[in-house]
Amino acid sequence: STLRWLSEMNKYLELREIGFHRPVVLREAERARRTFSLRLSQRKEIFSSHVGAVNSLDVDLAEGKYLLSGGADSVIAVFDLHEPPNEAHTKLKPLLRISRQEGGHTFGVSCVQWYPFDSGLFFTGSFDETVRIWDPNTQQTVKAFTMEGKVYALSLSPVATTHSLIAVGSEEQRPRLCDPRAGTSTHRLIGHTEAIMAIKWSPSDEFVLVTGSQDKTVRLWDIRKAAALKVFDQHFTDETHVGRQPFAIRSGARPTTTTSHTGTVTAVCFTPDGRHLLSSGTDHRMRCWDLHTGADTLVNYEGTRNSFKQGSQLAVSANGAVVYHPNGPETVAYLVHTGQIVDRYQGHYERVNACLFHPHYEELYTGGNDFKILVYTPEHERQQPTEMLIDDQDYWSDNY
């Protein structure tokens with residue numbers, strides 16, 4: 001209840017005042033409270049302009065203000081998440097909408113992402129076999145890359161200082177790295193035997209990325225090396241790795257092929273500290289991997305459902321405690337390291353494809369086959385101070 005929350009907050013403040021707690025304790029406690037109290041928002045509604053399934057979502061990290069969506073109807077849309085002050089109910093309409101008729105993709109949009117350091121660019125991948133870079137100010141394509149098949153996933157490093165490479169997963173068996181500055185692909189990573197459905201850069205190392213494929217494997221790469229650093233093996237666990245090499249590279253009896261899942265790998269996601277990796281497959285399993293040892297931590301995420309072979313989007317809370325998994329028409333929240341179910345978020349009428357956790361607002365966004373984008377906000381949410389919205393104009397970049 002609100003009274004209990006206020007009482008707990010006052011207790012933290014009193015302990016902080018007498019020096020019992022460091023400032024970070026109150027911050028992390030409030031972040032945890034918001035993370036564990038998400039509910040379908042009654043005062044913030046996103047008017048999705050999609051007339052097809054919503055496949056991918058992203059929020060800009062530079063300002064934390066703009067939500068980007070891509071759909072099966074080939075539409076790309078951008079929404080301003082800052083709410084007008086003192087409004088009990090806000091319906092957010094798209095600031096821009098790019099469709100096929102307006103020079104957009106000719107087939108469905110499978111993946112979207114903002115440039116991590118500036119909201120002046122965003123990137124999209126499509127089943128029309130292209131990756132495009134967009135300027136939201138002009139709503140025009142800046143550069144386009146042609147792939148050798150449908151594009152399922154793309155990713156840009158949030159910590160890169162020496163490169164701005166786009167990692168692309170497609171029907172092609174080799175993940176491709178594209179350089180926006182040169183306008184060409186630099187090289188391809190060899191190892192997978194089927195299409196790449198999921199791809200993510202590490203949040204802690206600009207040269208490390210991970211891929212998930214229809215060949216049932218999850219691979220860890222250092223782009224400076226020719227071969228994968230690791231092929232995650234579902235038979236190699238925390239209990240079997242002590243004093244031994246991973247089963248995937250041991251001599252002696254071994255399976256003919258190493259697999260991370262017994263079905264297509266459709267999603268991968270790092271924890272914010274970069275120490276663990278979560279993967280989901282059509283075997284109805286989500287696995288948590290220790291990136292240091294390469295072992296499956298054997299966390300049981302009970303009841304995960306994933307039978308659709310198209311790529312999907314997992315999300316992890318900002319404090320790294322909770323993972324959000326699309327589960328048919330609902331989203332299930334699990335504790336990352338124990339597998340305990342925290343909550344089930346409902347509201348969609350058809351399958352959920354994408355989950356996105358806003359690291360600044362501690363809000364959850366989901367997109368589904370019912371064309372909708374839903375918002376889940378913390379309980380006891382307060383209106384933003386009016387002074388935060390003064391001179392709040394829709395310039396996409398400080399450099400514009």
Side-chain angles (χ1 to χ4, degrees), residues 34 37-99 102 104 109 111-115 119-122 124 134 136-137 139 313 315 318 324 326 331 345-350 352-397 400:
R34 293 170 65 87
S37 66
L38 295 177
R39 295 292 180 267
L40 184 62
S41 180
Q42 299 300 310
R43 64 181 187 82
K44 182 187 289 187
E45 180 182 359
I46 294 179
F47 179 76
S48 173
S49 59
H50 292 283
V51 291
V54 178
N55 291 330
S56 183
L57 298 169
D58 192 41
V59 68
D60 77 287
L61 297 178
E63 299 178 73
K65 179 178 178 181
Y66 300 110
L67 176 69
L68 175 65
S69 67
D73 53 358
S74 79
V75 168
I76 305 161
V78 174
F79 304 86
D80 186 347
L81 297 176
H82 276 204
E83 305 167 54
N86 305 319
E87 286 196 14
H89 184 82
T90 304
K91 195 163 189 174
L92 304 177
K93 296 183 179 180
L95 289 177
L96 69 82
R97 182 180 187 273
I98 304 172
S99 66
E102 295 158 332
V109 177
C111 46
V112 298
Q113 186 177 342
W114 287 101
Y115 183 55
S119 57
L121 290 174
F122 64 80
T124 60
W134 298 86
N137 295 295
Q139 302 183 32
Q313 187 175 335
Y324 302 93
T331 299
Y345 303 108
Q346 300 176 338
H348 286 282
Y349 298 107
E350 296 185 39
V352 176
N353 298 316
C355 299
L356 173 69
F357 190 86
H358 196 305
H360 307 319
Y361 296 172
E362 281 92 27
E363 294 179 344
L364 176 68
Y365 306 90
T366 59
N369 275 8
D370 54 3
F371 316 164
K372 293 182 178 298
I373 301 172
L374 298 183
V375 187
Y376 301 86
T377 56
E379 287 186 324
H380 317 304
E381 191 59 274
R382 296 175 294 277
Q383 293 285 347
Q384 294 183 10
T386 304
E387 56 268 22
M388 291 177 62
L389 299 168
I390 294 176
D391 196 30
D392 182 22
Q393 302 182 50
D394 290 324
Y395 291 121
W396 297 101
S397 168
Y400 178 62

* For Gly120, does its backbone N or O pair with a side-chain atom of Trp114 as donor and acceptor, under 3.5 Å? -> no
* Side chain proximity check, Leu374 to His348, heavy atoms < 4.5 angstrom -> yes
* Asked: Would a 4.5 Å heavy-atom cut-off, applied to side chains only, mark Ser56 and Gln313 as touching?
  -> yes
* Do Pro378 and Glu363 touch side chain to side chain, with heavy atoms closer than 4.5 Å? -> yes
* By side-chain hydrogen bond (donor to acceptor under 3.5 Å, both in side chains) - contacts of Glu350 (at least two apart) -> none
* To do: Run the numbers on Arg97 and Val75 for side chain to side chain contact (heavy atoms under 4.5 Å, CB included), then give the verdict.
  => CA-CA 7 Å; Arg97 182 180 187 273; Val75 168; 3.5 Å; yes
* Taking the side chain as every heavy atom from C-beta outward, state whether Leu81 and Val59 have any atom pair closer than 4.5 Å. => yes
* Roughly how far, to the nearest 0.5 Å, is the CG atom of Leu121 from the CG atom of Asn137? -> 9.0 Å
* **Sole residue of Leu40, Leu38, Leu356 in side chain to side chain contact (heavy atoms under 4.5 Å, CB included) with Leu364** => Leu38
* Asked: Roughly how far apart are Tyr345 OH and Tyr324 OH, rounded to 0.5 Å?
  -> 5.0 Å
* Asked: Do Leu67 and Ile373 touch side chain to side chain, with heavy atoms closer than 4.5 Å?
  -> yes
* With sequence neighbours excluded, tell me which residues meet side-chain hydrogen bond (donor to acceptor under 3.5 Å, both in side chains) with Asp60. => none
* Say whether, by atom type as modelled, one donor and one acceptor occur between the side chain of Asn369 and the main chain of Ala53 under 3.5 angstrom. => no
* Side-chain donor/acceptor of His358 to backbone N/O of His360, under 3.5 Å -> yes
* Spacing of OG belonging to Ser99 relative to NE2 belonging to His50, to within rounding of 0.5 Å -> 11.5 Å
* To do: Not counting sequence neighbours, which residues clear side chain to side chain contact (heavy atoms under 4.5 Å, CB included) with Ser41? List them please.
  => Arg43, Lys44, Val375, Thr377
* Asked: Tyr115 and Phe122: aromatic ring centres closer than 6.0 Å?
  -> no
* Structure fact -> Applying side chain to side chain contact (heavy atoms under 4.5 Å, CB included) to Gln139 and not counting sequence neighbours gives Leu96, Ile98
* Find the distance between OG1 (Thr331) and CD (Gln346) and round it off to the nearest 0.5 Å. => 9.5 Å
* Asked: Looking at residues at least two apart in the chain, or sitting in another chain, which of them share a side-chain hydrogen bond (donor to acceptor under 3.5 Å, both in side chains) with Asp58?
  -> none
* Asked: So do Ser119 and Glu63 actually touch side chain to side chain, heavy atoms under 4.5 Å?
  -> yes
* Between atom OG1 of Thr124 and atom CD1 of Ile76, what is the distance when rounded to the nearest 0.5 Å? -> 4.0 Å
* If only atom types and distance count, is the side chain of Asn55 paired as donor or acceptor with the main-chain N or O of Val109 below 3.5 Å? -> yes
* Just by modelled atom types, is the Phe371 backbone N or O under 3.5 Å from a matching donor or acceptor in the Ser48 side chain? -> yes
* To do: Taking the side chain as every heavy atom from C-beta outward, state whether Pro94 and Phe47 have any atom pair closer than 4.5 Å.
  => yes
* Of the non-hydrogen atoms in Thr366 and Cys355, which two are nearest, and what is the gap between them? -> CG2-SG, 4.2 Å
* To do: Supply the atom-to-atom distance Phe79 CZ to Ile46 CD1, rounded to the nearest 0.5 angstrom.
  => 6.0 Å
* To do: Can you sort out the partners of Gln42 under side-chain hydrogen bond (donor to acceptor under 3.5 Å, both in side chains), two or more places apart, ordered by chain and number?
  => none
* Asked: Between Tyr361 and His82, does any side-chain donor sit less than 3.5 Å from a side-chain acceptor?
  -> yes
* Exam field: side chain Asp370 to backbone Tyr349, donor-acceptor pair closer than 3.5 Å -> yes
